[in-house]
Amino acid sequence: MAGVAQHMLRHRAPVLARQSFSEKLHVRLAAVRPDGRSETARAAWGVRLHLDFTHKSFSHSTRQRSAVVPQVNRGGSKLWKSADDAVADIESGSVVLSSGFGLCGVASTLIAALRNRGPESLRSLTCVSNNAGAEGRGGLALLTENGQVDRMIMSYLGPNKKLERQYLTGKIAVELCPQGTLAERIRAAGSGIPAFFTPTGGQTLVQDGAIPVRFDADGNVVEFGKPRETRIFDGRRYLMETALHGDVAILRAWKVDIAGNCRFRYTTKSFAPLMAKAAKLAIVEAENIVEVGQIDPNDVDLPGIFIDRIVPATQPSLVEILKTRPVGESEEPRAKGEAQIRRDRIARRAAKELKHGFYVNLGVGIPTLAPSFLPPSQQVWIQSENGILGMGDYPLPDAVDPDIINAGKETTTLVPGAATFDSAESFSMIRGGHVDVSVLGALQVSAAGDLANYMIPGKVFKGMGGAMDLVSDPDSTKIVVATEHVARDGTSKVVQTCSLPLTGARVVSTIITDLCVFQVDRRCGGLTLTEVAPGVDVEEVRSKTDASFTVAEDLKAME
């Protein structure tokens, strides 16, 4: 995403965002010297940034709603013959709330019907979803590729290269919003709450409104996000976020009665109930349509008051990333390469942070390996932000369920005693400090505990997903970074000051790498080396660490 790099240079963009919006800004950064910065930052600073915007271009919650919302007939039947009929009166310019997480729980039948109308009949849509589906396979990608979407509001672009190109060339605007904030904005809209304050995104580009929303055809930024109002409560800074309403919600449910009462299976709950409540018109595609009374009141996940139209689901459930575990033990275990040995060392040490009975959230990559190093008698409850408490291993090949996925959109399983729930519930656990430990990867982590793990200018910019929420309450939830000590280019990931955009400021308490363990003083700023890996001495750690640190008197060996 080299185009993004030109407009999101470390802390310069937030500084610009804080300047007066009543005057046009003309800024050229070509003369700024990048001396002393990393190679990535040096490359990013070697471009010219030309910003020309006014207060009107800063917008993230107010947009033109469609002039006409399809009529809701309270007295008539909610059953419609087909999805094509049910979406025939949706207007161009509508705000569409689309359920699902990856391809799990996506309203595939309704999306296909919207696509069938074509851009001549239905266009300029604003679509709200956690992500935009899988390129060429399903989800909202079918609409973005068909030229029917003008704006996406989402937390994660993912590997959708076509959408990325459309974004960088001005064909689609993309508003990136932290996953938990996205869920809460939708929940607030359905609850009649115009705005709320959240700690998520504090001291990041989200707070400053410095993430580009729309480019022109030449790659120049023509619209940014909106700087958030901030307020201090009990000594902590919070950002004000506004409710996110929709004209139409499209969702998929496992079972729906003709009164509109819905049941969802497992992780298909993620955004579906929230979106149905936040829209003026909600359409559900049902895998099973039953008579009134065939769903026990105790089993209703979404009451019929929130559903206006019901259509049969004709498209199958899809699996985005199929992951399984082998059947039985391999006769000859594979020899592990050097990279895997390093990863296992980090994960083995990270497992020691997970105490018996803890509720734990694990980021993708190395953190997910940690449970495999726990003793059989030790139980931890793994929380996945897409709506699982009690996540298990990958399924056996014959036990794959497309309705049970993890936050990485991989197939997974549930342990006995597990629970599933929607995304608002999930992030209430996270922001509310009910999770004991969160283990995440890092691109950079600073001596003060600042974390950067969602973007490298010019290389990686997929969106923050739930990471900003996961680090939003570091006093209640211990934040542990588990990462290799150096990046592929040999630069240190443990730095004095982060040069990459922050996920969170002063949030990390412990850093675990393949070389050592640091404890972080988040309040005063500073690292203490407490453990070194076998065969590693202090001088090697110093030579490969950008940050300064002190050495504990009782320096120990990593186990």
Side-chain angles (χ1 to χ4, degrees), residues 72-83 86 97-101 104-110 183 186-187 190-192 249-279 281-318 381 383-392 395 399-406 411-429 434:
V72 174
N73 182 5
R74 289 294 195 192
S77 171
K78 295 183 179 182
L79 289 176
W80 288 62
K81 181 179 179 181
S82 69
L97 310 181
S98 180
S99 72
F101 191 92
C104 179
V106 168
S108 301
T109 307
L110 289 164
I186 298 167
R187 190 201 68 80
S191 302
I250 55 174
L251 54 148
R252 183 182 179 106
W254 173 57
K255 185 182 290 187
V256 182
D257 69 22
I258 60 176
N261 295 307
C262 299
R263 284 196 67 186
F264 303 95
R265 293 187 75 245
Y266 306 120
T267 54
T268 64
K269 292 185 184 76
S270 57
F271 279 91
L274 305 175
M275 290 177 164
K277 297 173 185 178
L281 176 82
I283 311 174
V284 61
E285 60 179 69
E287 295 176 27
N288 302 279
I289 299 176
V290 299
E291 294 296 324
V292 169
Q294 290 188 256
I295 300 178
D296 188 283
N298 280 322
D299 296 331
V300 173
D301 296 313
L302 179 68
I305 190 173
F306 298 111
I307 295 297
D308 303 298
R309 298 178 183 179
I310 306 164
V311 302
T314 59
Q315 299 278 345
S317 297
L318 299 174
W381 297 93
Q383 199 257 18
S384 184
E385 59 259 36
N386 61 310
I388 296 176
L389 185 62
M391 186 172 70
V400 170
D401 189 326
D403 293 340
I404 306 177
I405 65 165
N406 62 24
T411 50
T412 190
T413 59
L414 307 175
V415 302
T420 59
F421 32 82
D422 67 41
S423 292
E425 188 83 29
S426 180
F427 283 94
S428 291
M429 297 176 187
H434 305 287

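Residues: numbered from 1 along the sequence shown. Computed from heavy atoms alone, side chains included, the values below leave out hydrogens, waters and symmetry copies.
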Atom of [X], atom of [Y] and distance for their closest heavy-atom approach:
| X | Y | value |
| --- | --- | --- |
| Cys104 | Pro402 | SG-O, 3.5 Å |
| Ala276 | Ala282 | O-CB, 3.9 Å |
| Ile307 | Gly260 | CG1-O, 3.4 Å |

Test side-chain contact (heavy atoms from CB on, under 4.5 Å) applied to [X] - qualifying residues, sequence neighbours left out:
| X | result |
| --- | --- |
| Ser99 | Leu251, Ala272, Met275 |
| Ala183 | Phe271, Leu274, Ser423 |
| Asp301 | Arg263, Phe264, Lys269 |

Could you pull out all residues at least two apart from [X] that satisfy side chain to side chain donor-acceptor pair (under 3.5 Å)?
| X | result |
| --- | --- |
| Asn261 | Asp257 |
| Ser426 | Gln383 |
| Asn406 | Glu410 |

Checking the side chain of [X] only, and the main-chain atoms of [Y] only, is there a donor and an acceptor separated by less than 3.5 Å?
| X | Y | value |
| --- | --- | --- |
| Glu285 | Leu110 | yes |
| Asn386 | Ile405 | yes |
| Lys255 | Asn288 | no |

Less than 4.0 angstrom from a charged side-chain N to a carboxylate O is my criterion; do Arg187 and Asp422 meet it?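 Not counted as a salt bridge, because no side-chain N and carboxylate O are separated by less than 4.0 Å.
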
To the nearest 0.5 Å, tell me how far [X] [atom1] sits from [Y] [atom2].
| X | Y | atom1 | atom2 | value |
| --- | --- | --- | --- | --- |
| Trp254 | Glu287 | CH2 | CD | 9.0 Å |
| Lys78 | Ile258 | NZ | CD1 | 10.5 Å |
| Phe421 | Met429 | CZ | CE | 3.5 Å |
| Ile310 | Ser77 | CD1 | OG | 7.0 Å |

Could you go through the side chain to side chain contact (heavy atoms under 4.5 Å, CB included) check for Val311 and Val284 one step at a time? CA-CA 6 Å; Val311 302; Val284 61; over 6 Å; no

Between the side chains of Gln315 and Ser108, does any donor sit under 3.5 Å from an acceptor?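 There is no such pair between these side chains.
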
Give the C-alpha distance, both sets of side-chain angles, the deciding distance and a yes or no for side chain to side chain contact (heavy atoms under 4.5 Å, CB included) between Ser317 and Arg252. CA-CA 10 Å; Ser317 297; Arg252 183 182 179 106; 3.6 Å; yes

Do [X] and [Y] have side chains that approach each other closer than 4.5 Å (heavy atoms only, starting at C-beta)?
| X | Y | result |
| --- | --- | --- |
| Val415 | Trp381 | yes |
| Leu414 | Thr420 | yes |
| Ile404 | Thr411 | no |
| Met391 | Thr413 | no |

Take Leu97 and Ile250 through the test side chain to side chain contact (heavy atoms under 4.5 Å, CB included) and record every step on the way to the result. CA-CA 6 Å; Leu97 310 181; Ile250 55 174; over 6 Å; no

With a sphere of 6.0 Å drawn around OH of Tyr266, does it hold more than 12 non-hydrogen atoms of other residues, nucleotides or ligands?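 Not buried by this count: 12 neighbours or fewer within 6.0 Å.
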
Quick one: do Arg74 and Val72 satisfy side chain to side chain contact (heavy atoms under 4.5 Å, CB included)? Show the steps, please. CA-CA 6 Å; Arg74 289 294 195 192; Val72 174; 4.3 Å; yes

